[in-house]
2 protein chains.
Amino acid sequence: MRHVAPSTVRRLSLYLHFLEGRGNGAAWTVSSRALAEAGGATPAQARKDLSLFGSFGRRGVGYPAGALAEQLRGILGLDRGYRVVLVGGGRLGAALTHFEGLRDRGFAVSAVYDADGGKAGSALEGHLVRDVASLEADLAGAPADIGVIAVPAAAAQAVADRLVKAGVRALLNFAPVTVTAPAGVAVKHADLALELDGLAYALAHRGS
Amino acid sequence: MRHVAPSTVRRLSLYLHFLEGRGNGAAWTVSSRALAEAGGATPAQARKDLSLFGSFGRRGVGYPAGALAEQLRGILGLDRGYRVVLVGGGRLGAALTHFEGLRDRGFAVSAVYDADGGKAGSALEGHLVRDVASLEADLAGAPADIGVIAVPAAAAQAVADRLVKAGVRALLNFAPVTVTAPAGVAVKHADLALELDGLAYALAHRGS
DNA sequence: TATTGTGAAGTGGTTCACAGCT
DNA sequence: AGCTGTGAACCACTTCACAATA
């Protein structure tokens, strides 16, 4: 598969969420217009997005919802399971472990770590919290696919480095700092400060 | 100011975070290369981003860090304060109210609301939790600039509609569903599920 | 020599428009 | 007639290259 734009992947995900929200097993058909509305795009763009991966629709009819959802899950790689390790047992970590969207979509939190040794051994939303010192040793025996970083900014890069060295190939960083990783490791940032700045910009420049 | 790309605003925010992280008052100079590294861009792009708003540097020398940070705060609209209302007093809401990045950057949480009447009157990180039923009445007297939506997906759009009707002009939505608002209201999405799907895609397609 | 500022060129994502099926 | 699939046109963001300046 050729260079697919991040914006396209994002829309594919939105199309899938829309289909799943409408009932998964139903044998209804969906038009490129409906998909576009769900993904914040135009009908032509929705068709182009899908055509990058195949011809899933029927001309004159539309797309079979169930089959399309199945295709999208395959394209996005959601037809397999991922082992997720969470580093950071604070309030954000608690919110994340509680997020049902994780497990529902094949992301299984296999471990929660915290730098505060005092928290080790306690439970967070049904997960045993371990001392981050044992991260490498634990992952050596049970490698993880995705590392979620929910620690203070000052510690984020160090945690990222350790996760990568321990074999994690994808990082989701919530700390308000840009973390870098070697080529081959995917990094996504969920930076609240960035979004707020974007809103501030919009508020400051509306009408001008 | 004319049509500035969202990606540019995002980078400006990253430049500013970098400058602030290096010490605010210092009279050091920063090069477009250093800014680029912080913003995930090329030096030429950093220069172009800044040149959209003025000439802040000195040829052959670089940019004066303190003055540039000040300019960026002005450009991004961070030189004023914003009143933020948070709807959703769950774990995510707790994490958000605790996030120092909010107050440090001029975003003041003026109220926290929850749909669970039982929570009304309790305290969340020093904020009194109010029943969401009183949202409109409260905002009529003390309008807010930004509404943060941290409620279940099923309730997100209704909350967005109420916030907009109450005069809020910018929304930050954490629910895993796309919320829409009338033109003139800025909406940003912090959708964890979308980021995870992006990582799944990267993992599924690495090397191919 | 070092670095900014910026018009010009390049790249890549989006939109258009219509052929091809149902 | 209705809707998908897609090459071509379009547009916007990025990169280049170099004049201007310290």
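Naming: A, B, ... by sequence-line order, numbering from 1 per chain. Side chains are part of it too, since the values below use all heavy atoms of this structure and drop only hydrogens, waters and symmetry mates.
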* Is there a side-chain contact between B/T178 and B/D191, using heavy atoms and a 4.5 Å cut-off? -> no

* Heavy-atom distance under 4.5 Å between the side chains of A/H127 and A/V109, does that happen here? -> yes

* Asked: Separation of A/H3 atom NE2 from C/dT11 atom C1', in whole Å?
  -> 12 Å

* Boundaries of the chain B footprint along DNA chain D (any atom under 4.0 Å from a heavy atom) -> D/dC13 to D/dA22

* How does protein reach along nucleotides 3-9 of chain C, written 5' to 3' as B (base within reach of a heavy atom under 4.0 Å), S (only sugar-phosphate), or - (no contact)? -> BBBBBB-

* Could you tell me whether B/R10 atom CZ has more than 12 heavy atoms of other residues or ligands within 6.0 Å of it? => no

* Taking everything shown except B/R80 itself, do over 12 heavy atoms lie less than 6.0 Å from its CZ? -> yes

* Asked: Relative to each other, are the rings of A/Y82 and A/F107 parallel, tilted or perpendicular (30° and 60° limits)?
  -> parallel

* To do: Indicate yes or no for a side-chain donor-acceptor contact from B/D145 to the backbone of B/R83 under 3.5 Å, with no hydrogens or angles considered.
  => yes

* Structure fact -> So the ring pair (Phe, Tyr, Trp, His ring centres under 6.0 Å) pairs with at least one residue in residues 31-75 of chain B (sequence neighbours excluded) are none

* Would you please say whether a donor-acceptor pair under 3.5 Å links the side chains of A/D161 and A/Q157? => yes

